[in-house]
Amino acid sequence: RCLLGDEIRKLWKDSGMAEHYLALDHSFVPILFFFPWIPNPHRSKCIAARNLFTKLFQQVIDERNQKKKQDPNYIPPSDFLQILMEAKYKDGQALTTTEITGILIGVLLGGQHTSN
């Protein structure tokens, strides 16, 4: 079982996400949090990686939503992605794919950097 979902795990293996994840990881240079305008040689790779992650997460979200529409008995997976898909703000608005992507990337990076 995978925190982000089995579909994400399969896409991870099939799409080269590991290389894109590494590009994201390398782009986090602490000084850029204070001075985001200074040149960053990793920026373009980071943006491309983020776009790929957004596309792949959107694909899985769309597939799950389609299954739910087609089959009233569909039981979605019990994973973090599904929790985010079902989450709502106090005003009832759902999270956007961009927000979900940001949270999932943060979880991935946080998990890597706090594990042995």
Side-chain angles (χ1 to χ4, degrees):
R1 197 163 115 152
C2 180
L3 172 70
L4 302 181
D6 291 332
E7 303 102 326
I8 300 295
R9 175 178 233 153
K10 182 178 180 340
L11 289 172
W12 187 278
K13 289 181 179 180
D14 297 343
S15 69
M17 280 178 81
E19 291 81 20
H20 289 283
Y21 172 79
L22 191 59
L24 277 174
D25 191 36
H26 287 165
S27 71
F28 288 105
V29 180
I31 196 164
L32 294 174
F33 289 102
F34 302 103
F35 306 102
W37 59 87
I38 64 174
N40 176 359
H42 302 288
R43 182 170 175 74
S44 62
K45 288 182 181 179
C46 175
I47 291 170
R50 168 91 185 205
N51 290 338
L52 175 72
F53 277 75
T54 301
K55 178 183 168 189
L56 294 175
F57 292 148
Q58 185 65 59
Q59 177 184 336
V60 174
I61 290 168
D62 290 345
E63 288 172 3
R64 288 185 183 186
N65 287 334
Q66 188 65 29
K67 288 177 184 177
K68 188 176 180 180
K69 286 181 185 176
Q70 291 176 347
D71 181 3
N73 297 320
Y74 171 71
I75 299 172
S78 178
D79 54 33
F80 190 51
L81 175 59
Q82 191 64 38
I83 289 170
L84 294 175
M85 287 174 61
E86 295 171 2
K88 305 250 188 271
Y89 287 103
K90 288 181 182 180
D91 66 1
Q93 184 176 347
L95 277 68
T96 65
T97 302
T98 300
E99 292 167 327
I100 290 173
T101 300
I103 293 167
L104 293 176
I105 289 172
V107 167
L108 286 168
L109 291 169
Q112 176 187 354
H113 289 283
T114 59
S115 301
N116 290 329

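For the numbers below, each heavy atom of this structure counts, side chains included, while hydrogens, waters and symmetry mates do not.
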Show the atom names and distances, to 0.1 Å, of all donor-acceptor pairs under 3.5 Å that link a side chain in residues 84-94 to residues at least two apart or in another chain.
from: E86; atom 1: OE2; to: Q82; atom 2: NE2; distance (Å): 2.8
from: Y89; atom 1: OH; to: E99; atom 2: OE2; distance (Å): 2.9
from: D91; atom 1: OD1; to: Q93; atom 2: N; distance (Å): 2.9

Atom pair CD1 (I103) and OG1 (T98), whose distance is rounded to the nearest 0.5 Å
11.0 Å
Side chain to side chain donor-acceptor pair (under 3.5 Å) partners for Q58, two or more places apart
D62, T97
Contact list for residues 54-79, test ring-ring contact (aromatic ring centres under 6.0 Å, His included), sequence neighbours left out:
F53-F57
Please tell me whether L95 and V107 are part of a single hydrophobic cluster in this structure, the criterion being side-chain heavy atoms less than 4.5 Å apart.
yes
Could you list the residues that satisfy side chain to side chain donor-acceptor pair (under 3.5 Å) with T101, not counting sequence neighbours?
none
Side chain proximity check, L56 to I8, heavy atoms < 4.5 angstrom:
no
Other residues, nucleotides, ligands: >12 heavy atoms within 6.0 Å of I38 CD1
yes
Show every salt bridge (charged side-chain N to carboxylate O under 4.0 Å, His left out) that has at least one partner inside residues 64-76, sequence neighbours left out.
E7-R64, R64-D79
Can you list the residues that meet the ring pair (Phe, Tyr, Trp, His ring centres under 6.0 Å) rule with F35, with sequence neighbours excluded?
W37
